[in-house]
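First comes the structure, then the notes that go with it.
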Amino acid sequence: MRRTTGKLLAVVAVAGVLAGTTGGTALADPPVTPNAADIVGVGSHTTGPLFGQLSTDYNAYLAGLGDTTSPRLYSWDATGPSPITPKSGAPLIARPNTAGAGLTALDTVPSGVDFVRADRAPQTGDLATDLFVAFAKDAVTWSAKSGGHAPANLTTAQLKGIYECTVTDWHQVDPSLPSAVIKPFLPQAGSGTRAFFLRAIGGGSPVTPGLCVTTGPQENQGTDPVLNDPDVVFPYSAGHYVGQVYGGHFTPTDAPGPLTVRNINGLAPIAVPTGTINAAFAASVYGRVLYDVVRQADWNAGDTRATALRNIFANAGWICRSVTAQADIRSYGFLLLPAAACGSSTHV
């Protein structure tokens, strides 16, 4: 039996002495089948590797306290064998590989999914009963093959034209560029990165992709062979890219491959040589807040599950207050939110 620790939040700041983050390959699925009472998440690939690390460190934190009964934290990768059994007693489900698919699982499989990694804010079509809890900051830019035909910078108007298929040749972007057909790609349907990027280049109104746009590659995975093309344009999480390139959190498939991230409106997404998201870029319309989504009924229930959710995700919880969690967030490429904003919540 696990012994519940009533002082969990009071001592959370000491967690920095436990299980610090180091460079290396990204973590994968839960190492064990989670118990029915554990807090289990699915969803976006953008923060999947980070949550593999956070779950390892949070569980080590509880163990360090001598807590043997509090629910543990686990996170399923966006990619991998499918279907999965999220936790003991839950039904088999198709592995959610986007924020959208994760939200569907949250709302339809309450016995298996407790939170969703979401790389977008609430939007039309989401349930008002789902609570989006903020925990970090990211930004989205575009990428292209190193040594290809794409320039170092595109404007918002040019990106909008490319994805509406009114700008189809690099010579239209700049007469000094080669005359070659631009090949815009988008991540798979349901991707939060996709949804955010289309809204950003549309000035707040989502762009409807034209017929020249190809949908399909997994977000933030430049190793897909279809992206190894001198004329490809592909949205990319600046934070995930930092984690891969500067944090060393990559795998043979979860890596930029030949892609490098590019500027928008003259702003660089990455601050060099620090290897962090450029604060000015994150403050632009291309900056986004990252969320963990829970059911409001669970959050407000006042029971063991509600306590566990708040101990992890709330403003006074482990992710917002632990120095280990903050180090993990930075190591995986994302920016910390102001103290008052972390753990704040919203819904449609």
Side-chain angles (χ1 to χ4, degrees), residues 29-30 34 38-52 54-55 73-80 82-87 90-138 140 186-200 206 215-220 235 237 239-240 288-301 305-306 308-310 312-314 319 334 343-348:
D29 287 335
D38 289 331
I39 303 302
V40 174
V42 297
S44 170
H45 170 260
T46 297
T47 55
L50 167 61
F51 265 86
L54 288 171
S55 63
L73 174 66
Y74 293 104
S75 178
W76 288 88
D77 273 0
T79 59
S82 183
I84 61 172
T85 302
K87 63 166 71 177
L92 277 171
I93 63 170
R95 179 189 293 264
N97 76 338
T98 63
L103 288 169
T104 298
L106 181 75
D107 297 329
T108 59
V109 193
S111 64
V113 177
D114 302 286
F115 75 95
V116 175
R117 305 183 304 268
D119 50 358
R120 63 162 176 81
Q123 63 184 30
T124 301
D126 292 340
L127 297 183
T129 51
D130 290 339
L131 195 65
F132 284 65
V133 184
F135 79 95
K137 188 75 181 285
D138 187 21
V140 176
L186 286 171
Q188 71 277 29
S191 160
T193 295
R194 172 194 174 112
F196 178 86
F197 179 76
L198 291 175
R199 185 176 294 276
T215 290
Q218 182 71 31
E219 60 185 9
N220 311 315
S237 158
H240 198 94
R288 63 175 173 179
V289 174
L290 301 172
Y291 298 91
D292 298 305
V293 188
V294 300
R295 291 177 289 268
Q296 286 197 67
D298 292 349
W299 188 258
N300 295 324
R305 178 182 288 184
L309 289 170
R310 289 172 179 270
I312 296 167
F313 301 118
I319 286 177
F334 305 106
S344 61
S345 60
T346 186
H347 59 84
V348 292

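Quick caveat: nothing in here was measured; it's all calculated off a predicted structure.
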Steps toward side-chain contact (heavy atoms from CB on, under 4.5 Å) verdict (Leu73, Asp38): CA-CA 6 Å; Leu73 174 66; Asp38 289 331; over 6 Å; no
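- Side-chain atoms of Leu50 and Leu290, non-hydrogen and from C-beta on, never get closer than 4.5 Å to each other.
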Full working for side-chain hydrogen bond (donor to acceptor under 3.5 Å, both in side chains) between Glu219 and Ser44: CA-CA 9 Å; Glu219 60 185 9; Ser44 170; 3.2 Å; yes
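- Looking at Gln296, its side chain does come within 3.5 Å of a backbone N or O of Ala128 through a donor-acceptor pair.
- What you find for Pro34 and Val40 is that their closest heavy atoms are CB-CG2, 3.6 Å.
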Trace of the side-chain contact (heavy atoms from CB on, under 4.5 Å) decision for Thr346 with Leu131: CA-CA 6 Å; Thr346 186; Leu131 195 65; over 6 Å; no
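- Side-chain contact between Asp292 and Val116 is absent, with no heavy atoms from C-beta onward closer than 4.5 Å.
- Below 30°, between 30° and 60°, or above 60°: for Phe132 and Tyr291 the angle between ring planes is above 60°, a perpendicular geometry.
- For the salt bridge (Lys or Arg N to Asp or Glu O under 4.0 Å) condition, the pairs that include at least one residue of residues 98-114, sequence neighbours left out, are Lys87-Asp114, Asp114-Arg305.
- Sequence neighbours left out, the pairs with a member in residues 122-133 that pass salt bridge (Lys or Arg N to Asp or Glu O under 4.0 Å) are Arg120-Asp126.
- In this structure, Arg295 contributes its side chain and Leu106 its backbone to a donor-acceptor pair below 3.5 Å.
- Proximity of a side-chain donor or acceptor of Thr98 to a complementary backbone N or O of Gly190 within less than 3.5 Å is detected.
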Verdict with reasoning, Ile312 to Ile319, per side-chain contact (heavy atoms from CB on, under 4.5 Å): CA-CA 6 Å; Ile312 296 167; Ile319 286 177; 3.9 Å; yes
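- For the 3.5 Å distance criterion, the side chains of Ser237 and Asp138 qualify, holding a donor opposite an acceptor.
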side-chain contact (heavy atoms from CB on, under 4.5 Å) evaluation trace for Leu103 with Val293: CA-CA 8 Å; Leu103 288 169; Val293 188; 3.6 Å; yes
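- Scanning for ring pair (Phe, Tyr, Trp, His ring centres under 6.0 Å) contacts around Phe115 gives Phe51, Phe313, with sequence neighbours left out.
- Gln188 and Thr215 get closest at one heavy-atom pair: CA-CG2, 4.1 Å.
- Contact of the Ile93 side chain with the Pro86 side chain is registered, since non-hydrogen atoms from C-beta on lie closer than 4.5 Å.
- Rounded to the nearest 0.5 angstrom, Asp77 CG and Arg95 CZ are separated by 6.0 Å.
- Between the side chains of Arg117 and Thr46, no donor N or O sits under 3.5 Å from an acceptor N or O.
- A donor and an acceptor atom, one from each side chain of Thr79 and Asn97, are nowhere located under 3.5 Å apart.
- Put simply, the side chain of Ile39 reaches to within 4.5 Å of the side chain of Leu309, judged on heavy atoms.
- By the 4.5 Å heavy-atom criterion applied to side chains, Pro30 and Ser55 are not counted as neighbours.
- Side-chain atoms of Ser191 and Gln218 form no donor-acceptor pair, as typed in the model, at a separation below 3.5 Å.
- Put simply, CD1 on Ile84 and CG on Asp29 are 7.0 Å apart, with the number rounded to the nearest 0.5 Å.
- In this structure a side-chain-to-backbone donor-acceptor pair under 3.5 Å is present from Arg310 to Trp299.
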